[in-house]
Amino acid sequence: ACMKAIRVALVSVAIFQALSTLIGFVQLLIVPQWFAAALEGTPFAGQFVVAALLLGVVVGGVQWAAIGVHRRAPQWQPLAHSVAGVVMIGWIFGECLVMDSFVWAHALWGGMGVVQLVLVLLLLGVARPHPIG
């Protein structure tokens with residue numbers, strides 16, 4: 001029952017992250033003016049399509065892939081969710097550096113990437129005692 005709950009939590013986090021990146025992708029394409037000030041002075045100033053593709057296709061794509069692996073190849077769940085969590089943490093870290101800012105949303109999505117990694121560790125049995133020797 002505990003492993004099932006961990007697996008449900010893992011796919012739930014991936015769905016949340018995937019939908020979040022999809023929303024960001026659409027917003028960057030439809031209402032780029034919302035992001036103009038944040039991206040001013042960065043290599044992405046005026047490059048909303050590039051930012052949208054990186055967020056929606058690359059970062060989001062890894063989350064969607066983790067969801068697909070979760071359903072179709074359960075033996076690869078730890079790897080898929082680990083990669084998805086690391087990519088999200090890397091994206092948020094890079095975004096904070098490039099924009100030279102940190103807001104609540106960075107804490108939310110970066111924190112969910114960390115949650116993804118912690119859930120993978122639990123799935124792999126890190127909380128269970130292991131014999132030594």
Side-chain angles (χ1 to χ4, degrees):
C2 187
M3 283 298 136
K4 181 176 172 140
I6 292 170
R7 289 179 195 279
V8 168
L10 264 172
V11 77
S12 299
V13 169
I15 290 168
F16 171 78
Q17 297 285 62
L19 291 175
S20 296
T21 60
L22 180 61
I23 290 167
F25 171 78
V26 170
Q27 287 177 333
L28 277 161
L29 294 177
I30 293 177
V31 283
Q33 64 272 20
W34 290 358
F35 304 94
L39 295 178
E40 193 62 38
T42 76
F44 296 97
Q47 302 296 318
F48 303 110
V49 173
V50 173
L53 290 173
L54 286 172
L55 175 61
V57 177
V58 177
V59 180
V62 174
Q63 294 290 341
W64 289 112
I67 295 164
V69 167
H70 190 95
R71 293 192 37 87
R72 295 211 161 108
Q75 70 274 24
W76 293 104
Q77 285 176 2
L79 176 62
H81 288 289
S82 293
V83 170
V86 167
V87 167
M88 182 58 74
I89 293 166
W91 170 263
I92 295 299
F93 182 74
E95 188 174 297
C96 290
L97 286 177
V98 167
M99 293 179 10
D100 194 25
S101 72
F102 182 82
V103 296
W104 69 267
H106 293 128
L108 172 65
W109 291 305
M112 292 304 286
V114 172
V115 166
Q116 222 167 358
L117 294 179
V118 169
L119 288 168
V120 168
L121 290 172
L122 293 172
L123 183 67
L124 293 174
V126 74
R128 290 189 307 256
H130 290 274
I132 298 187

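Quantities reported herein were computed from a predicted structural model and do not represent experimental measurements.
- Residues L121 and V8 fall into different hydrophobic clusters, defined by Ile, Leu, Val, Met, Phe, Trp and Tyr side chains chained together at heavy-atom separations under 4.5 Å.
- Applying the side-chain hydrogen bond (donor to acceptor under 3.5 Å, both in side chains) rule to pairs touching residues 97-116 yields S20-W109, Q63-Q116, E95-H106, sequence neighbours excluded.
- Hydrophobic clustering (side-chain heavy atoms under 4.5 Å, transitive across Ile, Leu, Val, Met, Phe, Trp, Tyr) keeps L53 apart from I23.
- What you find for S82 and V120 is that their closest heavy atoms are OG-CG1, 3.3 Å.
- Note on L29 and F48: same hydrophobic cluster, where clusters join Ile, Leu, Val, Met, Phe, Trp and Tyr whose side-chain heavy atoms are under 4.5 Å apart, directly or indirectly.
- By the rule that hydrophobic residues join a cluster once side-chain heavy atoms approach within less than 4.5 Å of another member, V59 and V86 end up as members of one cluster.
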Worksheet entry | Criterion side chain to side chain contact (heavy atoms under 4.5 Å, CB included) on F35 and Q27, from CA distance to verdict | CA-CA 9 Å; F35 304 94; Q27 287 177 333; 3.8 Å; yes
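- The two residues V13 and V115 have their closest heavy-atom pair at CG2-CG1, 4.1 Å.
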Practice prompt. Give the intermediate values and the outcome of side chain to side chain contact (heavy atoms under 4.5 Å, CB included) for residues L123 and Q77.
Written response: CA-CA 9 Å; L123 183 67; Q77 285 176 2; 4.2 Å; yes
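- Here the straight-line distance linking atom CD1 of I92 with atom CG of L97 works out to 11.5 Å at 0.5 Å rounding.
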Fill in: Test log, rule side chain to side chain contact (heavy atoms under 4.5 Å, CB included), inputs I30 and F25
CA-CA 9 Å; I30 293 177; F25 171 78; over 6 Å; no
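- With hydrogens and angles ignored, the 3.5 Å screen pairs no side-chain donor or acceptor of H70 with any backbone N or O of A80.
- When all heavy atoms of P43 and V98 are compared, the pair lying nearest together is CD-CG1, 4.0 Å.
- R128 and H130 get closest at one heavy-atom pair: O-CD2, 3.0 Å.
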Discussion item. For a side chain to side chain contact (heavy atoms under 4.5 Å, CB included) check, start with the C-alpha distance between W91 and L54, then their side-chain angles and the critical distance, and finish with the verdict.
Written reply: CA-CA 9 Å; W91 170 263; L54 286 172; 3.7 Å; yes
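- Separating the NE2 atom in H81 from the CG atom in L124 is a distance of 11.0 Å, to the nearest 0.5 Å.
- Closest of all the heavy-atom pairs between M88 and T21 is CE-CG2, 3.8 Å.
- The neighbour count for F102 CZ, taken as heavy atoms of other residues, nucleotides or ligands under 6.0 Å away, is above 12.
- In this structure, L122 and A127 approach most closely via the heavy-atom pair CD2-CB, 3.8 Å.
- By the criterion of side-chain heavy atoms lying less than 4.5 angstrom apart, applied directly or through intervening Ile, Leu, Val, Met, Phe, Trp or Tyr residues, V62 is grouped together with L108 in one hydrophobic cluster.
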